[in-house]
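Below you'll find the structure, written out as structure tokens, and then a few comments.
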2 protein chains.
Amino acid sequence: MNGVAMGIHERKEREKEQRKEEIIDAAQRIFFEKGLIASTMDEIAEAAELSKGTLYLYYSSKEDLYLAVMMRGMDTLHDMYEQIVNSDDSTVEKIIRCSNSYVDFFHSNRNFFRMFPFLQNPRFHKQVSEEMIKSCGLKNQKMWDMVIAMLKKGMEEGKLRSDLNPVEVGIIFWSSSTALLIREDSEGPAWKANLNIDFDHTLEVCNMLLMESILTDQGRKEYHALKKT
Amino acid sequence: MNGVAMGIHERKEREKEQRKEEIIDAAQRIFFEKGLIASTMDEIAEAAELSKGTLYLYYSSKEDLYLAVMMRGMDTLHDMYEQIVNSDDSTVEKIIRCSNSYVDFFHSNRNFFRMFPFLQNPRFHKQVSEEMIKSCGLKNQKMWDMVIAMLKKGMEEGKLRSDLNPVEVGIIFWSSSTALLIREDSEGPAWKANLNIDFDHTLEVCNMLLMESILTDQGRKEYHALKKT
DNA sequence: GTATGTAATAACTGACAGTCATTAAATGAA
DNA sequence: TTCATTTAATGACTGTCAGTTATTACATAC
């Protein structure tokens, strides 16, 4: 292989990546509109201006393609968290900002948010390639690591109760927020109409109740001061 | 119509109900084993020793049949809660027992529990008959009413903070418990292996943190006394 | 014993995920 | 420039499955 051949090889590699992105673009439009079940590979192929067979040269199943789209959402969320965690705010402030960001993400990226529960259905995973699962898990891991490190630091600073397990605290916050937002998405209007419940408010209350319990006296003082501003 | 004819009519009615139950029996076996997606109506028909066409005389779609099975699980859960709420335990005690019962239900009826998230996916609902949705919603409503009434009573008794909305408190407890149990089901072993997290313990911590925050001083005293026994 | 209504069937249809034999295009050597 | 070879793309095809429908079998009523 000479220099020219190498250049072609690299260009092809680049074009392949580009094609993969174009396919995700098309898939995103269709999945956002109709969800996983109602979207068909033929539709996505048409939207991508490719034949269906070609899609399978780049992604090994519909579910793989679905995950590829979802990963973009995870990237967005990851970047938001990274920015917060790496800021020079105090830990208490960071925790508050992380909670708020999750709600913001829900409101401004609802279509991505709706994809996340897919991961929780183990029965779907059988359709998904091992590679994609690993890639997804890695991204997830990175996000958790950041959050857990933040909580651990809060404990070392004496802001958070150090008799708690930071991993457990992370799971509790994340899970309860996610659950309330999923409910808001699927049943929000009904609860609003029947019992005048606003889920955004409910989530605030939930976080407030949990914060009250996980903070030390020192942390709680800071928390209340911050809430007033 | 004479008396004899009426008797036949009633018998037929009875047999029809019985057939419906037999179909649910068969569906339950298949759905438990393979989940919604991987189960086929042909399999269920074979398990019920009927033709597929006959299933559609009794249930209008696969999803309807799935919900019919799920409702059995909801009945079980409903009965557990009814018994607790109607007992003569104190309100604080009832709340604790409700939380524990939910975990018990998860462990002894995991196949039913796995069906519940189906309700949270709005995209599936299009396949389900209006009638079945209504029937399901009603059962749900009854459970919520019980729980909310219990919490309201706790506030009136001065055990729970009365500046909180009992509906919101109910949603928060229910959602966070559900979320943690779903996670336990799908990712439990992985978290146990990687970070030595036990979700049953995490859920206990979560409930403890929330309880600490929602109880009044009086309620908290009772709570701690009860926890020691 | 025959007409009528009801329960059940099984062959059929349409939709869709995924495959594969074939075609078209780009590349590189002669 | 020509032609062989590799790579990308196609679209017709297959198998599966939810849901339908024309037909059959049977119980009831007269």
Side-chain angles (χ1 to χ4, degrees), chain A residues 1-23 26-27 30-31 34-68 123-129 132, chain B residues 1-23 26-27 30-31 34-68 123-129 132:
Chain A
M1 259 188 192
N2 56 29
V4 178
M6 280 300 280
I8 286 171
H9 181 75
E10 281 153 17
R11 193 200 79 227
K12 287 222 165 182
E13 205 65 24
R14 217 164 45 238
E15 281 173 354
K16 222 166 162 177
E17 277 311 304
Q18 202 173 326
R19 180 77 6 129
K20 281 189 96 167
E21 287 301 312
E22 284 164 12
I23 291 173
I30 306 296
F31 282 139
K34 312 195 170 186
L36 173 62
I37 307 284
S39 301
T40 72
M41 288 300 264
D42 285 296
E43 277 178 304
I44 294 169
E46 201 192 325
E49 295 175 317
L50 290 168
S51 75
K52 181 163 63 164
T54 307
L55 298 190
Y56 284 94
L57 294 177
Y58 293 89
Y59 297 94
S60 59
S61 71
K62 188 167 111 164
E63 283 74 20
D64 252 44
L65 191 43
Y66 191 75
L67 278 193
R123 298 223 125 105
F124 275 132
H125 291 189
K126 300 206 176 109
Q127 314 288 336
V128 175
S129 72
M132 192 56 96
Chain B
M1 262 189 191
N2 56 28
V4 177
M6 280 299 280
I8 288 171
H9 181 75
E10 282 153 17
R11 193 200 79 228
K12 289 221 165 183
E13 205 64 25
R14 216 163 46 237
E15 280 172 354
K16 221 167 161 176
E17 277 311 304
Q18 202 173 325
R19 178 92 345 145
K20 281 189 96 168
E21 288 301 312
E22 284 165 12
I23 291 174
I30 306 297
F31 282 138
K34 312 197 171 186
L36 173 62
I37 307 284
S39 301
T40 72
M41 288 301 265
D42 285 296
E43 278 178 304
I44 294 169
E46 201 192 324
E49 295 175 317
L50 289 168
S51 75
K52 180 163 64 163
T54 306
L55 299 189
Y56 284 94
L57 295 176
Y58 292 89
Y59 297 94
S60 59
S61 71
K62 188 167 111 165
E63 284 73 20
D64 253 44
L65 190 44
Y66 191 75
L67 279 193
R123 299 223 124 105
F124 276 131
H125 292 187
K126 299 203 177 112
Q127 314 288 337
V128 176
S129 73
M132 193 55 96

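Within every chain, numbering begins at 1; the chains are lettered A, B, ... in the order of the sequence lines, protein sequences first and strands thereafter.
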May I have the distance from [X] (atom [atom1]) to [N] (atom [atom2]), rounded to whole angstrom?
X	N	atom1	atom2	result
E15(A)	dT27(C)	CD	C1'	13 Å
Y66(A)	dA17(C)	OH	P	14 Å
I30(A)	dC16(C)	CD1	C1'	15 Å
Y56(B)	dA10(C)	OH	P	16 Å
Q18(B)	dA7(C)	CD	P	14 Å
Y59(A)	dA17(C)	OH	P	17 Å
D64(B)	dA18(D)	CG	C1'	13 Å

Between the protein and nucleotides 23-25 of chain C, list the N/O to N/O atom pairs that are separated by less than 3.5 angstrom.
none

(message) Once salt bridge (Lys or Arg N to Asp or Glu O under 4.0 Å) is applied, do any residues pair with K52(B), and if so which ones, sequence neighbours excluded?
(response) D42(B)
(request) Only counting residues at least two apart or in another chain, list the ones meeting salt bridge (Lys or Arg N to Asp or Glu O under 4.0 Å) with E17(A). (result) none
Can you sort out the partners of [X] under side-chain contact (heavy atoms from CB on, under 4.5 Å), two or more places apart, ordered by chain and number?
X	result
S51(B)	T54(B)
Q127(A)	E63(A)
E46(B)	none
K16(A)	Y58(A)

(request) Taking ring pair (Phe, Tyr, Trp, His ring centres under 6.0 Å) as the test, write out the residues that go with F31(B), two or more places apart. (result) Y66(B)
(request) Work out which heavy atom in M132(B) is nearest to a heavy atom in D64(B); give both atom names and the distance. (result) CE-O, 3.3 Å
(request) For S61(B), report the nucleic acid contact type (base, sugar-phosphate, nothing); a contact means any heavy atom under 4.0 Å. (result) sugar-phosphate
(request) Summarise how protein sits on nucleotides 5-17 of chain D as a single string, 5' to 3': B when a protein heavy atom is under 4.0 Å from the base, S for sugar-phosphate-only contact, - for no contact. (result) ----BBB-----S
(request) Report, as yes or no, whether the 6.0 Å neighbourhood of atom CD on E15(A) holds more than 12 heavy atoms from other residues, nucleotides or ligands. (result) yes
